[in-house]
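Some notes on the structure that comes next.
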Amino acid sequence: MKRTRPTLSPALVLLSIFFLLSGCNKKSNSHFVSEVNIIPAPQSIQHQDGSFIITEETTFSSSEEFKYANQFFQKYILNGTGISLKTIADPEKADIHFKTDTTLPAEGYRLTVSNNGILLEGADKAGVFYGVQTIRQILPPDMETAMVREKSTAEIPAVTITDAPRFAYRGMHLDVARHFFPKEFIKEYISYLAMLKMNYFHWHLTEDQGWRIEIEQFPRLTTHAAFRDETLLGHYNDTPQKFDGQRYGGFYSKEDIKEIIAYAEAHHITIVPEIEMPGHAQAAISAYPELGCSGEQVPVATKWGVFENIYCPNQKTFAFLKGVLTEVIELFPGEYIHIGGDEAPKTKWKQCAHCQKLIRDHGLKDEHELQSWFIKEIETFINSKGKSIIGWDEILEGGLAPNATVMSWRGTQGGIEAAKSGHKVIMTPTSHAYFDYYQSERTTEPLAIGGFLPLEKVYGFNPIPEELSPEEAKYVLGAQGNVWTEYMKTKQQVEYMIFPRMLAMSEVVWSGPTENFGEDFAHFVNRVESFHQRLEAMHVNYANHLYSIKGEVIKRKEGVYYKLSTPTSGKLIKYMLPNGNLTAYNEPFPIGGLRTQIKAMVYKDGQVVSDTFVEDITFHKGMFAKINLNTHPYKSYSSGGVEALNNGIKGSDSRYGDSEWLGFWGDDLEVTIELDTAQELSWISTSFFHAPGQWIYAPNQVTLLISKNGIDYQIDQTLDLNPDATRVNAILDIDTLTTKFIKLKIPNFGTIPDGKQGAGNKAWTFIDEIIIQ
Ligand code: TNX
């Protein structure tokens, strides 16, 4: 998207002269906009000369049918300028006019701003509402700060924008169970979605650690299950685990929920309520022990994780869940009810005579088929009430319920499978959509669950996997950002984790996945930089990592060079080498020695705006080697490519998703290294990431083989590993004379054992730089 600065309109010139003459040309009395920066990017935008200025004389005409768009617009102008638009009946005479154009694609709109006024045409009610959100973003950011103000004017540059969404499902999720957020914040959250033209709010209402929705038939859900005795302090992986000793909880009354639903409706947002089953149900079982297989009293969970106390597929459970769902369905007007389905350990079902009898009576193969039978029972009930179910991708195991929509979270594989079998899919893979993961490598980031999902990765997300044919791709309704709140206690923390990543997700689902990442991302970050002003005016606690620095090793015939870049344009980078001076960066510079350290900083308008970037480079004999892998790293964990294994740079000790680590899911790995020349070597080393909570395990052993000809390999050494930290180092001596070929055999850890996060799934292997000396 290219945009130019709007020129000063004749009307504005006249107005300014008037203010000058009357001595009241106070800057605060007029809202100027210097650039048109819209997120998500519209399909097409054309700039014209001139602008329209909203004043006290401005007239407005719209159909009652667009009541939410009208209300939003009028209120926004009133809050931002103090002007109450004059509503008139005759659209021909109105300066601002909203109307229908049914030739536009669903939810689409066309906005025409000229010197004479604003015409907004929408395909439907949502289309007009989104057109209003676009007008809002063309207006100056300071209008976001709601306050009683002196009357002022607002200027909108002349443009024609034609726009429509790429995906029908554009969502954000929020877990209110791990931490509870008051209804005022839920409304704010919904308003953020609306600003970004998102249309689904997935409200995760029940968990092991708390039940958050009032259900009249089951009062103990809110008197008991909504509260836990205490909460884990620090990170789950800390040893020993510590607790705060404070009772914690809360819930939404039916009145609160109705209020939120009405608010969502007025923002063209559909709420998808989630009632988790059969797992993540310990809070409900704590309130009603008969819902569990053993009937024993269990506490509402006080720490995070996956718990074995799941609903027992007995009559009491079905009566309970149908009762709950009946009340949920009465409240929520949307088509979908999310029934969870994820992370349900089958331990209790294996020990339960009733469950085993059910398996035999219904001719089921195992407990996975029993879960599938459970979900189908619930689906039949929900369908009978005219609603459809959504479930996490585990609902594929043991056979998918006939009309279910799948939310693919453990990667995109579940979504691919579902789409291929004709089921609707919403993509929310951990690799691109988990906003509870760290967004920066900075060690000063607030505590998060783990992982690494920087803005650019979200921006590069394509909800349509390559594996799907165009026909199958139609089943992908869209995508969603997930916000699990184990480590988010406050609204400020939630805002920090969603902004700016939600901006990127909104653009993926509205404007469509990028086809030219380099160019589009560069434009996007510039728009994000200016969007910061809007977020500031809204008092949103956004994260700013736009002034980060990226370094890259470039190998040329004449030697090794280093390249620096920062995402937004118009900045100056200065760098320093050991014993050197601070130098303005223009182009890749040569580096060398045994080790070197590069420091760099970003300057904006002469001021340092970044942290100090520090990169340590270790030069070694393998840097010019050719490396081959027997299998491909997982696409979402290989952004540095195979070159990351011998570029002299180590990955982060805490962010396995950075561009230096390569991730493999379940595969045994074989790394073949061909040195540029045969040489004498003394050792080889590498590191593995070890984070069982994230399903990542260092291998049990590494075997080193060497060869002179690249055909006959001899085992040189096998090393057993005993992980005792997140980074597990493997250093192997090489006791051979001259060699040119090296092979490392790295068997995968295997299946994750019972009792651990992700039990039963394949483990991941993450490998870092291979250093050869
Ligand atoms: C997995 S995503 C979960 C959640 C956790 C989340 C943390 C999903 C369906 N289940 O219960 O909060 O990981 O990232």
Side-chain angles (χ1 to χ4, degrees), residues 1-8 12 16 25-39 41 47 51 80 137-145 152 154-155 157 439-445 454-456 459 495-496 499-501 503-504 507 518-552 562-577 580-589 598-615:
M1 262 202 331
K2 291 223 169 62
R3 66 186 56 78
T4 48
R5 267 166 193 280
T7 46
L8 219 57
L12 184 70
S16 311
N25 184 20
K26 277 192 278 166
K27 185 108 194 345
S28 63
N29 258 5
S30 160
H31 292 287
F32 293 90
V33 67
S34 52
E35 260 177 289
V36 175
N37 274 311
I38 301 165
I39 296 177
H47 297 267
S51 63
Q137 288 200 25
I138 304 177
L139 285 165
D142 61 352
M143 282 180 60
E144 295 288 349
T145 314
S152 58
E155 183 193 7
Q439 54 192 314
S440 141
E441 291 178 49
R442 281 193 345 199
T443 48
T444 49
E445 283 296 287
L455 182 66
E456 58 187 285
Y459 193 79
E495 289 172 356
Y496 187 85
F499 286 110
R501 290 184 285 192
L503 302 176
E507 193 142 315
E519 205 174 293
D520 288 350
F521 186 67
H523 283 299
F524 173 70
V525 286
N526 286 334
R527 279 180 288 129
V528 172
E529 190 179 24
S530 83
F531 206 89
H532 282 171
Q533 295 166 35
R534 187 167 301 277
L535 296 176
E536 259 151 48
M538 293 166 73
H539 305 295
V540 168
N541 181 40
Y542 63 95
N544 183 359
H545 299 111
L546 288 185
Y547 306 132
S548 60
I549 292 179
K550 195 173 138 196
E552 201 185 323
Y562 201 71
K563 183 177 164 188
L564 291 168
S565 58
T566 185
T568 61
S569 57
K571 307 292 178 304
L572 170 69
I573 298 177
K574 288 187 184 177
Y575 71 96
M576 205 165 72
L577 287 167
N581 295 324
L582 200 57
T583 313
Y585 175 82
N586 298 309
E587 56 182 9
F589 51 88
I598 297 149
K599 286 191 175 164
M601 280 168 294
V602 179
Y603 292 72
K604 181 183 181 182
D605 306 328
Q607 303 286 327
V608 177
V609 285
S610 69
D611 294 340
T612 304
F613 165 88
V614 184
E615 185 94 283

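No side-chain heavy atom of Val602 sits under 4.5 Å from any side-chain heavy atom of Leu572. When side chains are defined from C-beta on, Leu564 counts as touching Phe589, because their heavy atoms get closer than 4.5 Å. In this structure, Tyr547 and Val608 have side chains that are not in contact, with every pair of non-hydrogen atoms separated by 4.5 Å or more. At least one side-chain heavy atom of Gln439 sits less than 4.5 Å from a side-chain heavy atom of Pro500. Counting heavy atoms from C-beta outward, Thr145 and Glu536 have side chains that stay 4.5 Å or more apart. At least one side-chain heavy atom of Val36 sits less than 4.5 Å from a side-chain heavy atom of Pro157.
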Dump the intermediate steps for side-chain contact (heavy atoms from CB on, under 4.5 Å) on Val614 and Ile598, then the final yes or no.
CA-CA 6 Å; Val614 184; Ile598 297 149; over 6 Å; no
side-chain contact (heavy atoms from CB on, under 4.5 Å) evaluation trace for Asn544 with Val609:
CA-CA 10 Å; Asn544 183 359; Val609 285; over 6 Å; no
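Atom CG of residue Leu139 and atom CD of residue Glu155 lie 10.0 Å apart, to the nearest 0.5 angstrom. With rounding to the nearest 0.5 Å, the separation of CD1 in Ile39 from CZ in Arg534 is 9.5 Å. Expressed to the nearest 0.5 Å, how far CD1 of Ile549 lies from CD of Glu615 amounts to 10.5 Å. Distance CG/Leu455 to CZ/Phe524: 5.0 Å, rounded to 0.5 Å. For the atom pair OH (Tyr585) and OG1 (Thr566), the distance works out to 12.0 Å, reported to the nearest 0.5 Å. Note that NZ of Lys574 and OG of Ser610 are 11.5 Å apart. Values are rounded to the nearest 0.5 Å.
Residues satisfying the side-chain hydrogen bond (donor to acceptor under 3.5 Å, both in side chains) test with Thr568, not counting sequence neighbours, are Lys571. With sequence neighbours left out, the salt bridge (charged side-chain N to carboxylate O under 4.0 Å, His left out) criterion links Lys604 to Glu529. For Asp611, the side-chain contact (heavy atoms from CB on, under 4.5 Å) partners two or more places apart in sequence, or in a different chain, are Arg442. Under the rule for a side-chain hydrogen bond (donor to acceptor under 3.5 Å, both in side chains), Glu456 has no partner lying at least two apart in sequence or in another chain. In this structure His532 satisfies the ring-ring contact (aromatic ring centres under 6.0 Å, His included) test together with Tyr542, sequence neighbours excluded. Contacts of Glu507 classified as side-chain hydrogen bond (donor to acceptor under 3.5 Å, both in side chains), with partners at least two apart in sequence or in another chain: Tyr459, Arg527. When the side-chain contact (heavy atoms from CB on, under 4.5 Å) test is applied to Thr583, the partners found at least two apart in sequence or on another chain are Tyr575. Residues that satisfy the side-chain hydrogen bond (donor to acceptor under 3.5 Å, both in side chains) test with Gln533, not counting sequence neighbours, are absent from this structure.
The shortest non-hydrogen separation linking Ala537 to Glu144 is CB-CB, 3.8 Å. Contact detail for Ile573 and Ala600: the closest heavy-atom pair is CG2-CB, 4.2 Å. Nearest heavy atom pair, residue Ser152 against residue Gly80, reads OG-O, 4.0 Å. Between Pro567 and Val525 the shortest heavy-atom distance is O-CG2, 3.4 Å. When all heavy atoms are compared, the tightest approach of Met143 to Ala154 is SD-CB, 3.8 Å. Of all the heavy atoms in Tyr562 and Gly551, the pair that sits closest is OH-CA, 3.1 Å.
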